[in-house]
Protein chains: 2
Amino acid sequence: MDIGEIARRAGVARSTVSYALSGKRPVSVETRRRIQQVIDELDYRPNASARALKEGRTRTVGLVIPPAGPRLTSMQLDFVGSVVEAAARVDLDVLLSPSGGDRDRSLERLISGRRVDGVILMEILMEDSRVARVAQSGVPFVTIGRVRDPDATWWVDMDYAALVGRCVDHLADLGHRHVALVNRSPALMAAGYSPGHRARDGFAEAVARRGVSGSEFCCEDDVAGGERCVAEILATRPSTTAIVTVNEAALPGVQRALERAGHEIPRTFSVAGIAAHQWAEEFHPPLTAADVPSLAMGTVAVELLAEHIADPDAPAGHRLFMPPISLRDSTGSVPRPSARPAFFSPAAPRRFREADAD
Amino acid sequence: MDIGEIARRAGVARSTVSYALSGKRPVSVETRRRIQQVIDELDYRPNASARALKEGRTRTVGLVIPPAGPRLTSMQLDFVGSVVEAAARVDLDVLLSPSGGDRDRSLERLISGRRVDGVILMEILMEDSRVARVAQSGVPFVTIGRVRDPDATWWVDMDYAALVGRCVDHLADLGHRHVALVNRSPALMAAGYSPGHRARDGFAEAVARRGVSGSEFCCEDDVAGGERCVAEILATRPSTTAIVTVNEAALPGVQRALERAGHEIPRTFSVAGIAAHQWAEEFHPPLTAADVPSLAMGTVAVELLAEHIADPDAPAGHRLFMPPISLRDSTGSVPRPSARPAFFSPAAPRRFREADAD
DNA sequence: TTGTACGCGTTATCAC
DNA sequence: GTGATAACGCGTACAA
């Protein structure tokens with residue numbers, strides 16, 4: 001079912017069919033009609049490989065995701081979903097590459113096999129060997145997140161440092177003097193995970209600026225990790241009255257551990273942070289947080305990549321998102337000492353919970 | 001950087017390079033070494049489009065996912081992750097196609113543009129137009145989930161009907177006489193979503209067989225939906241003492257609503273169901289459930305597809321998963337009437353919670 | 001409009 | 001065992 005077949009049945013030359021389809025040369029209406037009719041009949045569509053070979057582009061972009069290892073987090077998934085949707089809207093296909101290192105076979109195939117016109121990378125490390133590999137290959141790419149020194153590369157990111165700083169500001173304004181940062185897992189931090197490090201820096205800057213005391217805790221990215229982490233905070237920093245968290249997967253555990261310790265949010269303890277909208281709303285009570293605009297970020301990443309592909313020599317484009325912090329119900333003014341539960345201790349069994357304030 | 005370049009630098013013929021790479025003709029060790037050296041130096045890899053054009057296969061599979069619409073659920077995400085990983089292990093690339101209907105442009109590109117050697121579809125409906133479209137195209141495909149009449153197609157699925165039946169059995173054995181099924185959303189059911197319908201059938205069969213009373217509730221796939229649904233169950237079927245749920249996204253809401261109504265799981269109310277391992281473990285208390293083996297299912301889907309591609313005429317392969325129900329802590333014997341909370345009512349404000357049983 | 005060279009890797013053919 | 005040559009797959013775009 002190739003273009004020659006169409007040409008034969010329509011009684012024209014192969015090139016005429018091609019021009020009729022592309023419109024790059026005028027074709028008489030009558031001829032075009034005959035050709036279109038045959039095409040519809042046979043449901044013909046040009047062979048993508050032949051076209052890619054000739055045109056030198058594949059109309060495909062690669063999306064490098066972390067190897068599923070433990071599992072993809074819902075935020076990562078949101079990015080995947082939004083990138084795929086945005087790409088589909090402009091008729092680009094998305095090839096997935098689960099690559100953790102710079103020599104993963106699937107990444108090599110994408111790049112040196114010229115399977116894609118461009119690449120989007122996510123879950124970026126401060127020094128990222130995958131980014132280095134793609135950069136070296138010369139294939140246009142955009143990162144969701146950014147490396148330590150990102151000026152020369154195309155990226156879209158969220159301003160973790162500033163947003164964490166704003167959370168600290170918000171809590172300091174409410175009178176909190178002892179704030180803890182619940183950051184991402186030790187393994188991720190050790191790998192140089194970029195949002196974690198920028199959150200760390202922003203936190204340090206903000207607590208210094210506001211003159212409050214702050215301690216950082218690296219927390220496994222799951223519910224159990226959140227429980228352990230809060231227990232540790234309450235045990236080692238008992239004066240803490242508020243948490244800033246960038247670890248959304250730990251949120252249910254954070255909530256559970258605080259409840260178990262007898263805390264009532266926000267009356268006796270405040271929590272703010274950065275999280276996907278969904279997680280913020282499912283927190284109990286709804287979490288005061290900067291909602292990760294994953295949909296917009298994925299969309300913009302595709303737009304930037306399309307620009308970059310169209311003009312490889314254009315100066316690198318960037319887009320730093322700074323979503324507002326949505327005030328929900330998880331932050332309040334610092335508790336008077338008497339309002340703190342008398343019996344709280346990380347291991348204390350749950351006894352009761354007071355009625356909700358009216 | 002084409003094969004001619006390699007040949008020139010290695011001082012051999014183009015065909016010799018090709019043969020050295022494919023092994024389809026013996027090449028002396030010395031020549032092979034020289035060629036390999038040049039290849040390593042230049043990091044050469046054959047152009048995927050040219051190869052695909054010549055060989056008639058792309059070494060790529062398509063994965064049709066539902067349009068991200070509201071959002072992909074974590075179970076869907078697990079399937080995507082496991083399929084991509086499994087494919088990468090056998091050096092297959094995965095092209096994502098967010099397609100809800102049978103004429104989505106991206107699905108058409110995959111199929112008639114011959115971009116893929118085979119297709120995996122997920123979130124299958126009883127009558128699925130995407131499946132029909134792919135079947136008609138002649139491209140090999142495997143479904144995760146299955147259509148109403150699946151004998152002729154390749155699929156991997158979980159036995160929702162039997163597993164829901166087992167949950168009912170388990171609850172009936174514990175003495176429960178009034179059981180509710182928390183099914184997927186009304187919209188999904190109306191669309192003919194296959195797991196939902198098989199769950200419905202299995203439930204109806206099991207309650208009849210066991211002579212218990214059962215009612216089905218279709219529940220939105222989110223936390224708020226779970227809360228509303230449980231409220232409705234408690235209001236309209238107050239004799240209900242146990243729930244079977246196949247709606248994992250609603251689980252946190254189910255838990256919250258039961259707590260709010262004064263129930264203590266499993267002492268005064270039992271919950272069992274089907275859910276991803278993660279969700280089951282995060283339920284409070286951990287949920288007695290059949291864990292969706294998404295990793296195994298994705299892997300087997302890729303294996304079946306590879307088989308199907310290798311031998312298009314082989315009889316259709318199937319694999320029905322029937323994971324055991326993991327007994328955790330959310331089911332118990334039916335409460336004596338006195339053990340039921342005196343004040344429970346769906347809208348009752350939370351007052352207190354009794355201490356955990358020791 | 002038509003004829004045809006081209007993009008690039010694979011493979012068959014024939015010769016050394 | 002290896003080299004050289006050419007045909008092939010299929011759409012594109014230039015020259016005629």
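Note: hydrogens, waters and symmetry copies are ignored here, and every other heavy atom, side chains too, is used. Order of the sequence lines fixes the chain letters, A, B, ..., with proteins taken first and strands second; residue numbering starts at 1 for each chain.
- Within the 3.5 Å criterion, the main-chain N or O of B:F79 finds a donor-acceptor partner in the side chain of B:S82.
- Salt-bridge check for A:D91 with A:R59: failed, with every basic side-chain N at 4.0 Å or more from each acidic carboxylate O.
- Axis angle across the helix from C:dT1-D:dA16 to C:dC16-D:dG1, with five pairs used at each end and values rounded to 10°: 50°.
- Between the side chain of B:T143 and the main chain of B:W155, no donor-acceptor pair closer than 3.5 Å is present.
- Whole-Å rounding puts the A:R57 CZ to D:dT12 C1' distance at 12 Å.
- With respect to A:R34 and A:E30, a salt bridge is recorded, a charged nitrogen being found less than 4.0 Å from a carboxylate O.
- Side-chain atoms of B:D157 never come within 3.5 Å of backbone atoms of B:L320 as a donor-acceptor pair (strictly under, hydrogens ignored).
- C:dC8 atom P lies 17 Å from atom CD of B:E55, rounded to whole Å.
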Base versus backbone protein contacts along nucleotides 3-10 of chain D [heavy-atom cut-off under 4.0 Å; B, S, -]: BBB-BBBB
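- Judged by distance alone, the side chain of A:R130 and the main-chain N or O of A:M122 form a donor-acceptor pair under 3.5 Å.
- Look at B:R89 and B:E85 and you find no salt bridge, because none of the NZ, NE, NH1 or NH2 atoms lies under 4.0 Å from a carboxylate O.
- Here the side chain of A:T58 pairs a donor or acceptor atom with the backbone of A:R115 at under 3.5 angstrom.
- Summarising the geometry, the separation between CG on B:L21 and C1' on C:dC8 is reported as 14 Å, rounded to the nearest angstrom.
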